[in-house]
Q: 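Below: one structure in structure tokens.
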2 protein chains.
Amino acid sequence: MKKRVSIKDIAEKVGVSTALVSYVLNGKEREARVGEEIAGKVRKVAAEMNYQPNLIARGLKFGRTNTIGLIVADISNPFFATLARSIELEAQKNGYTVLFGSSDEQLDKSQNLINTFLNRQVDGLIITPVAGSQSQIEELKKKGVKFVLMDRGFKDVETNVVVTDNHEAMYSAVKLLTEKGYRKIGMIAYDTPLTHMQDRIQGYKDALRNAGTRFKSEWLKKVPYLDYKEHVADAIAQMLKKGDELDALVFATNSISVQALKVIHARGIKVPDDLRIISFDESDTFEFFYATITYIKQNLNEISEKAVQLLIKNINATAPKTAKVIVPSSIVLGQSSK
Amino acid sequence: MKKRVSIKDIAEKVGVSTALVSYVLNGKEREARVGEEIAGKVRKVAAEMNYQPNLIARGLKFGRTNTIGLIVADISNPFFATLARSIELEAQKNGYTVLFGSSDEQLDKSQNLINTFLNRQVDGLIITPVAGSQSQIEELKKKGVKFVLMDRGFKDVETNVVVTDNHEAMYSAVKLLTEKGYRKIGMIAYDTPLTHMQDRIQGYKDALRNAGTRFKSEWLKKVPYLDYKEHVADAIAQMLKKGDELDALVFATNSISVQALKVIHARGIKVPDDLRIISFDESDTFEFFYATITYIKQNLNEISEKAVQLLIKNINATAPKTAKVIVPSSIVLGQSSK
DNA sequence: TTGAAAGCGCTAACAC
DNA sequence: GTGTTAGCGCTTTCAA
């Protein structure tokens, strides 16, 4: 790569000091009282030489890189990719650039990414935290690193966090079913202590209780993130045993929904006649399912925008106070919950 | 954010110069012949103080940041998100971190991202170029910037590029159909001069010719990237006019395929009985279509890995010679091409 | 065997 | 009005 022109090159060419050039190029000619002609000449030469500032040098000087690090579970997952997209947009709007990485829900990868990003002097982090990463997050707090958790958080750690109204959303979804008279409602969720999942589960339970139905433990199946596909199949098999069929099933994520629908389809169960369905989050996959699917629609754009805004606010704040932002979701009605 | 410990802090604590610390921490104690005890002490203190190197400072010093910039059309598109994922992995394996941005197939956004990334001193770029961005790319070449085009390239600009065997892939797909006796085969593609599309179109035409069928211009519909959905619907309407039905349709991308299948489904056309279908790239959406879809499967992992490897090779090379890497694809057979 | 110092490109306090 | 200079954190040459 050819050498880039620096402020020094311009200074030499014009025959002034680098300071002058810096002032002019940063629009500080007024405060520094730089002469008209000189200023003009500097600008002209800078343009001629096609000067581009070295942001790394500036970053070193200021201790600020205008870069944020984004750590999601898996960027190839459309859910996170969509979040990433809006984060990119909002960051750019505010003059930030985004470094990204995928944690794969694994503690060591998460820690690695955090370290890498911090060593690269990012100004802050947006993280979808991995289960069990409390200590990593606590460490960030201790170091005074600016960060925002997104999509999920921890019950026992107070941090900046931007999440969907998980409890409320699942509560409403289940209420939708109870109001139609369905009582035997099952749920399949991921087996994780992270708040997004716990809140959804609690929303489900609370809705049942409020409808006067006693929750039965066999109605709730928790599947591990790894190998969830098999486990979903097993869960459905157990939940739909002959003689004790459930009226409806709610799924805690779209990946679970897709897998569940496949199994349901394969077993010849008719939706919604034999079984009612509601999904958390949509999926393109629903497109060609024979019945349209009722789902909880998170406002991903708002989540990402709020996360970026909150992060930037924190970066610029001297006395950072933690904030919890809850973004409302909505329910999109389909035939599956009829 | 609290002040990070620097090499200087360690030096002061141990009572040596920063140079010594640098040597030890970079494993150059042998060449620098640093004393055993001192070295040990430095390491111990560094660990105690939890020293982490400032990669920005190092970058300024070396003119190398170990960062690559990734510019895709749209990170929220699963196709590009999947590429991004493997790029992230391969980059990390080689000690690189990835900055990303989406061009939205727009020239100005593409240029903006290029500038931003270069100002941040990335060591190289991986780009899915936008139609008409030849001058941007030529400019990169002139500046001596290290970069690799991915997924698509330009006919008239020689660059490093990693692409699928687009011509071959589409040729084989259409051949599959002609060998079954189908002759009236239509294609819907994006209206862009970029090589990936042109090669696919040429593969289609060549396969027809080789089967002894004269290509009719009304068999090929080119839709714009923006509003492609309506245009796909129109194209299908025109191509499937009563009395002159086509035997089969091939689609140049998965997004076109999905939209086309929706229209086909809505119009009550039976696949494969009334119409045979082959898609370029898969989509989760196919999952619940009543017939399994035959599609060309690109090797996305290999494309991304090769792109990263080629880029890094170029970054380290003094005399860079451009390379064109063609990654073989395969065809996954479904019912839709029966 | 160790340290002083220059320099990567930029900014800004200070001096002229 | 304009220039000098120190310094951000790190590496490395050169001198001691």
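Order of the sequence lines sets the chain letters (A, B, ...), proteins ahead of strands, with each chain counted from 1. Keep in mind that this is a model prediction, so the values were computed, not measured.
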Q: Mind running a 4.0 Å heavy-atom check of residues 44-57 of chain A against DNA chain C and sending the residues that fall below it, in number order?
A: Tyr51(A), Pro53(A), Asn54(A), Ala57(A)

Q: Measure from CD on Glu31(B) to C1' on dT13(D) and round the result to the nearest Å.
A: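 Going from Glu31(B) (CD) to dT13(D) (C1'), I get 13 Å.
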
Q: Got a list of protein N/O to nucleotides 14-16 of chain D N/O distances below 3.5 Å?
A:
none

Q: Salt bridge or not for Glu37(A) and Lys41(A), using N-O below 4.0 Å?
A: no

Q: Check each of Arg85(B), Gln309(B), Lys306(B) against Glu90(B) using the side-chain contact (heavy atoms from CB on, under 4.5 Å) test, and report the only one that passes.
A: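 The option that passes is Gln309(B).
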
Q: My understanding is that only residues two or more places apart in sequence, or in another chain, count here; which of them pass ring pair (Phe, Tyr, Trp, His ring centres under 6.0 Å) with Phe154(A)?
A: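 Result, ring pair (Phe, Tyr, Trp, His ring centres under 6.0 Å) vs Phe154(A): none returned.
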
Q: Step through the shown structure and confirm whether more than 12 heavy atoms of other residues, nucleotides or ligands are within 6.0 Å of CD on Glu138(B).
A: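 Counting neighbours around CD of Glu138(B), more than 12 heavy atoms of other residues, nucleotides or ligands fall under 6.0 Å, so yes.
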
Q: So Ser6(A), base contact, sugar-phosphate only, or nothing? Heavy-atom distance under 4.0 Å.
A: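 Ser6(A): backbone/sugar contact only, no base atoms under 4.0 Å.
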
Q: Report which part of the nucleic acid Arg33(A) touches: base, sugar-phosphate, or nothing (heavy-atom distance under 4.0 Å, all strands).
A: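 Since a base atom lies under 4.0 Å of Arg33(A), the category is base.
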
Q: Atom CZ of Phe62(B) to atom P of dT12(D): distance rounded to whole Å?
A: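 So the two atoms are 4 Å apart, to the nearest Å.
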
Q: Once you round it to whole Å, what is the distance between P of dG9(D) and CZ of Arg120(A)?
A: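 From Arg120(A) CZ to dG9(D) P: 18 Å.
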
Q: Inspect the surroundings of NZ in Lys109(B) and state if more than 12 heavy atoms from other residues, nucleotides or ligands are less than 6.0 Å away.
A: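 Yes, NZ of Lys109(B) has more than 12 neighbouring heavy atoms, counting only those of other groups under 6.0 Å.
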
Q: Calculate the interatomic distance between Ile38(A) atom CD1 and dG3(D) atom P; express it in whole Å.
A: 6 Å

Q: For the residue pair Arg120(A) / Thr67(B), report whether a side-chain donor-acceptor contact shorter than 3.5 Å exists.
A: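 Result is yes, a qualifying pair exists.
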
Q: Taking only N and O in the side chain of Lys28(B), is any of them less than 4.0 Å away from OP1 or OP2 of dT12(D)?
A: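 Lys28(B) to dT12(D) OP1/OP2: side-chain N or O found under 4.0 Å.
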
Q: Nearest 0.5 Å, what's the CG-CG distance between Leu149(A) and Asn160(A)?
A: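 Reported to 0.5 Å precision, the distance equals 8.0 Å.
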
Q: Does NZ in Lys143(A) sit with more than 12 non-hydrogen atoms of other residues, nucleotides or ligands closer than 6.0 Å?
A: yes

Q: Expressed as a whole number of angstroms, how long is the span from Leu20(A):CG to dT5(D):P?
A: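 Leu20(A) atom CG is separated from dT5(D) atom P by 15 Å.
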
Q: So which heavy atom on Leu310(B) is nearest to which on Val161(B), and how close?
A: CD2-N, 4.4 Å

Q: Angle between the two end axes of the helix from dT1(C)-dA16(D) to dC16(C)-dG1(D), five base pairs per end, rounded to 10 degrees?
A: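 If I round to tens, the end axes sit 60° apart.
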
Q: Treating Ser22(A) as the side-chain partner and Thr18(A) as the backbone partner, does any N or O pair qualify as donor plus acceptor under 3.5 Å?
A: no

Q: Measure the shortest side-chain to side-chain distance between Val42(A) and Leu25(A) over non-hydrogen atoms and say whether it is less than 4.5 angstrom.
A: yes

Q: Kindly say if Ser22(B) contacts the phosphate of dT11(D), meaning a side-chain N or O under 4.0 Å from OP1 or OP2.
A: yes

Q: Apply side-chain hydrogen bond (donor to acceptor under 3.5 Å, both in side chains) to Ser102(A) and Asp104(A), showing your working.
A: CA-CA 6 Å; Ser102(A) 307; Asp104(A) 272 330; over 6 Å; no

Q: In whole angstrom, give the distance that lies between atom CG of Leu60(A) and atom C1' of dC8(D).
A: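 Taking atom C1' of dC8(D) as the reference, CG of Leu60(A) is at 4 Å.
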
Q: Reckon Gly35(B) touches a base, only the sugar-phosphate, or nothing at all at heavy-atom distances under 4.0 Å?
A: sugar-phosphate

Q: In Å and rounded to the nearest 0.5 Å, what is the NZ to NZ distance from Lys146(A) to Lys313(A)?
A: 12.0 Å

Q: For DNA chain C, note the earliest and the latest nucleotide, 5' to 3', having some atom under 4.0 Å of a heavy atom belonging to chain A.
A: dG9(C) to dA13(C)

Q: With nearest nucleotide decided by heavy atoms, which residue, Ser17(B) or Arg4(A), maps closer to the 5′ end of DNA chain C?
A: Ser17(B)

Q: Does any pair with a residue in residues 79-135 of chain B pass ring-ring contact (aromatic ring centres under 6.0 Å, His included), and if so which ones, sequence neighbours excluded?
A: Phe100(A)-Phe100(B)

